[in-house]
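The block underneath contains the structure these notes are about, expressed in structure tokens.
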Amino acid sequence: MSSIIYGPVPSWRLGRSLGIDLLPSGGKACSFNCSYCQLGKTVNLTTERGEFISFSRLIREMEKVKEVPADYVTFSGRGEPSLASNLSQAIELARDIFRLPTAVLTNSSLMAREDVRYDLARADVVVAKLDAHEQELFQQMNCPGSGILFSDIVAGIRAFRKRFKGKLCLQIMFTGANRNFAGEIALLAGSLSPDEIQLNTPLRPCAVQPLSPEEMASIKGKFDGLGKVVMVYEADRPEVTPLDLQETLRRRIKL
Ligand code: SF4
């Protein structure tokens, strides 16, 4: 079994998604500590980038599973993938080995940095988090590490959009804390010209209750006219508990 590659997991946004985690083992490393995080409390709250998985190990692990059928190779996992300073190298390697489109699920926290925007732009799809419209709500939803400003994040996403030729999606998680600001968040999201807006609510076990289908439908109404908007309750493929790779392979062999 690989400790850095998992799935494929059924994703309501990316089909069968083979996940790659470039972060250190031993607990979540993230620049946020979101109230709704399914991984629990952030152990290592940081904005410092580093190389946690060597290139040689990446090649070895990817080669082992290159025949696993999937729709996307997705960089995600136990924390924020852009903390890995070898993200662009890993994306290019994955594209060569798997011959599949690549995606990164980012919390957007480091998008103000040019090196991070460069790395993210190697992917075919970037899904960037945007749960608020201003600093106070941002603090409440995402509990960021010190010094992270919401205005810098927005400027970073804007700069990224101008250069990025791939598909940019904004993912917005709605809970009781931000549901009354859906109109303001929609206005901001529209101004960033994404290719798709993904409306979510925490359906996996976590400390926060999800919003109901009716509440989410009403929130979706605030995004009318902003292009392609998808919502978790309307997805054909519900997200389920991830299968680990060993289990996936075992099932394939049985089939
Ligand atoms: S950004 Fe993602 S991994 Fe980090 S705390 Fe928030 S939900 Fe968890």
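Just so you know, ligand 1 is whichever comes first in the structure, and atom 1 is the first atom listed for that ligand.
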For this session: Go through ligand 1 atom by atom and flag the ones less than 4.0 Å from a non-hydrogen atom of Asn107.
Result: 1 (S)
For this session: Could you check which of Cys143, Gly77, Cys34 puts a non-hydrogen atom nearest to atom 5 (S) of ligand 1?
Result: Cys34
Problem set entry | Side-chain ion pair, Asp71 and Arg16, N-O less than 4.0 Å | yes
For this session: Using side chain to side chain donor-acceptor pair (under 3.5 Å) as the criterion, point out the one residue from Thr47, Thr46, Asn107, Asn142 that pairs with Ser31.
Result: Asn107
Exercise. Is there a donor-acceptor pair closer than 3.5 Å between any side-chain N or O of Thr42 and the backbone N or O of Asn44?
Worked result: no
Exercise. Would you call the rings of Phe223 and Phe174 parallel, tilted or perpendicular, where under 30° means parallel and over 60° means perpendicular?
Worked result: perpendicular
For this session: Confirm or rule out an N/O/S atom of Cys37, from backbone or side chain, lying less than 2.8 Å from atom 8 (Fe) of ligand 1.
Result: yes
Exercise. Hey, does the Lys NZ or Arg CZ of Arg95 hover above the aromatic six-ring of Phe98, less than 6.0 Å from the centre and inside 45° of the axis?
Worked result: no
Exercise. Does ligand 1 have an atom that lies less than 4.0 angstrom from a heavy atom of Arg78?
Worked result: no
Exercise. Can you find a side-chain donor-acceptor pair between Tyr36 and Asp131 that sits under 3.5 Å?
Worked result: yes
Exercise. Where's the contact between Lys28 and ligand 1, heavy-atom distance under 4.0 Å: side chain, backbone, both or neither?
Worked result: side chain
Seminar exercise, completed: Under 4.0 Å from one or more heavy atoms of Lys129, ligand 1 contributes atoms 1 (S)
Exercise. Are any N, O or S atoms from Cys30 nearer to atom 4 (Fe) of ligand 1 than 2.8 Å?
Worked result: yes
